[in-house]
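Throughout, protein chains are lettered first and strands after them, A, B, ... in sequence-line order, and every chain is numbered starting at 1. Everything quoted here is computed from the prediction, not taken from an experiment.
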Amino acid sequence: MNDPFDLSDEPVLPPAQVGGAMPWLNGLNPEQLEAVQTTEGPVLVLSGAGTGKTRVLTTRLAHILLTGKAKPWNILAVTFTNKAAREMRERVGALVGGAAEQIWLGTFHALGVRLLRRHAPLVGLETNFTILDTDDQLRLLKQVMEAEGIDTKRWTPQSVMGVIQRWKDRGLGPDKASGSDAGDLAGGKTIGLYRLYQERLLTLNACDFGDLLLHCLTLMQNPANKDLLAELQRQFRYIMVDEYQDTNVSQYLWLRLLAQHHRNICCVGDDDQSVYSWRGAEVENILKFERDFENAKIIRLEANYRSTPTILKAASGLIANNAGRLGKTLRPGRKDAESGAPIVVRGLWDGEDEARWVVEEIEALQRGGSSLAQIAILVRAGFQTREFEERLVTTGVPYKVVGGLRFYERQEIRDALAYFRVVAQPADDLAFERIFNLPKRGLGDASLQSVHLLARHQGVPLFEAARRIVLTDELTPKARGTLARLVEDFDRWRGLVPNMDHGELAATILDECGYTAMWQKEKTPDAQGRLENLKELVSALEEFESLGGFLEHVSLVMENDEQTGLDRVVIMTLHGAKGLEFDNVFLPGWEEGVFPHSRAVAESGAKGLEEERRLAYVGLTRARKRVFVSYAANRRIYNQWQTSLPSRFTAELPEATVDRLAERGMFGGVPDQANAWAQDWASVTRGAPRRGDPAPAVAAPSGAFAPGTRVFHQKFGYGRVIAVDGNKLDVAFDKAGEKKVIDSFVQEA
DNA sequence: GATAATCCGGTTTTT
DNA sequence: CCGGATTATC
């Protein structure tokens, strides 16, 4: 391959050649121009970091519209994050105006929901289905596992959910999934759990995130819906996909189906920036693209307009250590580019020293005129942020940590949302369960169990079961009264929906249910903040048309509204930094075990290591001007001092691009430490399998009790049926007296 | 049914 | 070491 830094032979198309008639094409380089103008047929754009991929995508979209090739609603443009979608719509809007509003542009999930809402009945859902978050998913799966008598300690719901999600990522429903993927997880019952979990979701009229794609896929694959599929295929004349290297198989199949008719699909991606394989993304989709779409045109964007030649050379040198790349070399886009400062690679004594050094350098940059917002500290894992935060606080340098707990993931927000969900969707059992005894109202496990039992027997949602159970004596008088009041409350709130402004309604609900009061009573220092968050929630809600619309927004767009424009150092994970750029980038913690993370290597071997290397590549290519890599010889992890070795990645940076500054002899005679540490991290808890207890037997089926029948009840003992009213029985118990009970709670004696 | 004691685990994360 | 989640105890 040619020397990527030889710039002499690069012809640059004079802007005048394309300007004039199509001004939106101004300023594109030849390869970008080709990607924009090749609108017909399959196109794969291999776009290196900083090569103007967003520009290409938005210009291409505008080009299709402005040349009249298609109407906005004939274009499907898919991104991975809401942020990317928003940005793209804005930028296209700047070129084409209001037409941008009508493009089918959004994340895979948002577009999936849009299709699914229209055709929900075709997959067994109702139009107003709920979208569950991770928390609800796990609780639901746990319930299913417990009902199946599976020991949820031996096999955690998380691990089972992991396998289920991987199936979903690959577009496999319970019928197509292969049991061997799960090994002996859950005693080999994982597929069965998957099926039951899916059934439960349908009865709850709910979906998880994976389902948003999976349901769309099965819907389109079902021969019964071939007319609908044909209609969609005809509608989407042009399809564009961003971050293609991050697609999973399900998303790939989805795209392939939709693109089948017009075959005008353009995927933009970079195999060197694929860092989400652990989430089901498959770089192989890039290879599949070439196979499935014959004569696909492949365009490489290699001119980087972001980083200095030195940084590019360092990043290229590093990533060259990966095997099986598609082959793509970044070269500086500007001929006049100064080579730039070398990458500083600094060894420090320990983590504290490292933080001190990083902040000193930050202050030096600041003195040199750099704005803090143009400085980023990019870490491998969340826990690494702490030391930098502490140091920044003591030195008084403003910073913000991006990522971490998001607004809608906060406990108080989720609690409040659960109330709204039960109001909007009485069948939302998971939400109902969450608020059943919250704030504490004296309804414990026993009461909940009774409601559950009844719900299961009568095949109704928990809320309906609660409504019915308070007509009986199943619960203690106290619980019965409390629950009856709760049911009344919800009925009243639902009655208010048509007449009351929903923001006001939300405030009313939180007030009347005692949730606000609960936090007001709380003396902990964060209670005040939680109350403020609740207020913020209510005002956010007012921006929406309806409660339902808001709930959908919340489940799909779980993001922080970050105030931009503040001059602060940014701390975030390397994953979070993908797609962003800064003048100065600090890459701390380059030690074996931390980065590459030992677990990535332990679990995925050479592949895992390569993904870690791509992550390093992502980190380096975020920087426009300067990169500071650092590592510490000693680090305290879980309060134990560990000695570590510099990351192998430091050695993979070409000598010509680095300035190595380590204290001499710092890494002397401890060759095996990193290894020992790695093994420590990798050790997997494994215990002797224990057979789970079989599921508790369910009482006799209902409907068989004539008056006079002798029956037995778990709580009230023996008695005789006096009267029957549907499912409800009046029973004269020998000891407990006359009670109203539900037939499914008693057995014939 | 609510609080104290103990045990376990502890990358990356969007939707 | 810290936080959460389940378990033990009142």
Inset, instruction - Decide if the gap between the ring center of A/Trp590 and the ring center of A/Tyr631 is smaller than 6.0 angstrom. - result: no

Inset, instruction - Classify the side chain of A/Arg380 versus the base of B/dT12 as yes if they form a donor-acceptor pair under 3.5 Å and no if they do not. - result: yes

Inset, instruction - May I have the distance from A/Lys168 (atom NZ) to B/dT13 (atom P), rounded to whole angstrom? - result: 22 Å

Legend entry - Whole-Å gap separating P (B/dT13) and NE2 (A/His575): 7 Å

Legend entry - Given B/dT12, C/dT6, B/dT15, the nucleotide with the shortest approach to the side chain of A/Lys142: C/dT6

Inset, instruction - Determine if A/Trp278 stacks with B/dT11; use a centre-to-centre distance below 5.5 Å and an interplanar angle below 30° as the criteria. - result: no

Inset, instruction - Would you indicate, yes or no, if B/dT14 has its OP1 or OP2 atom less than 4.0 angstrom from a side-chain nitrogen or oxygen of A/Thr107? - result: no

Inset, instruction - Tell me what A/Gly442 touches on the nucleic acid: a base, only sugar-phosphate, or nothing, going by heavy atoms under 4.0 Å. - result: sugar-phosphate

Inset, instruction - Could you work out which one of B/dT15, B/dT12, B/dG1 sits closest to the side chain of A/Ser447? - result: B/dG1

Inset, instruction - Answer yes or no: does a side-chain N or O of A/Lys153 lie under 4.0 Å from OP1 or OP2 of C/dT7? - result: yes

Legend entry - Under-4.0 Å side-chain N/O to phosphate OP1/OP2 contact, A/Asn437 with B/dA2: yes

Legend entry - Closest to side chain of A/His597, choosing from B/dT13, B/dT11, B/dA2: B/dT11

Legend entry - Ring centers of A/Tyr276, A/Trp278 separated by less than 6.0 Å: yes

Legend entry - Sugar-phosphate, base or nothing in reach of A/Asp246, heavy atoms under 4.0 Å: nothing

Inset, instruction - Give me the one residue out of A/Asn128, A/Thr130, A/Asp428 that meets side-chain hydrogen bond (donor to acceptor under 3.5 Å, both in side chains) with A/Asn205. - result: A/Asn128

Inset, instruction - Would you mind checking if A/Arg139 and A/Asp136 are paired as a salt bridge, meaning a charged N to carboxylate O distance below 4.0 Å? - result: yes

Legend entry - Closest nucleotide among B/dT15, B/dT13, B/dG10 to the A/Phe209 side chain: B/dT15

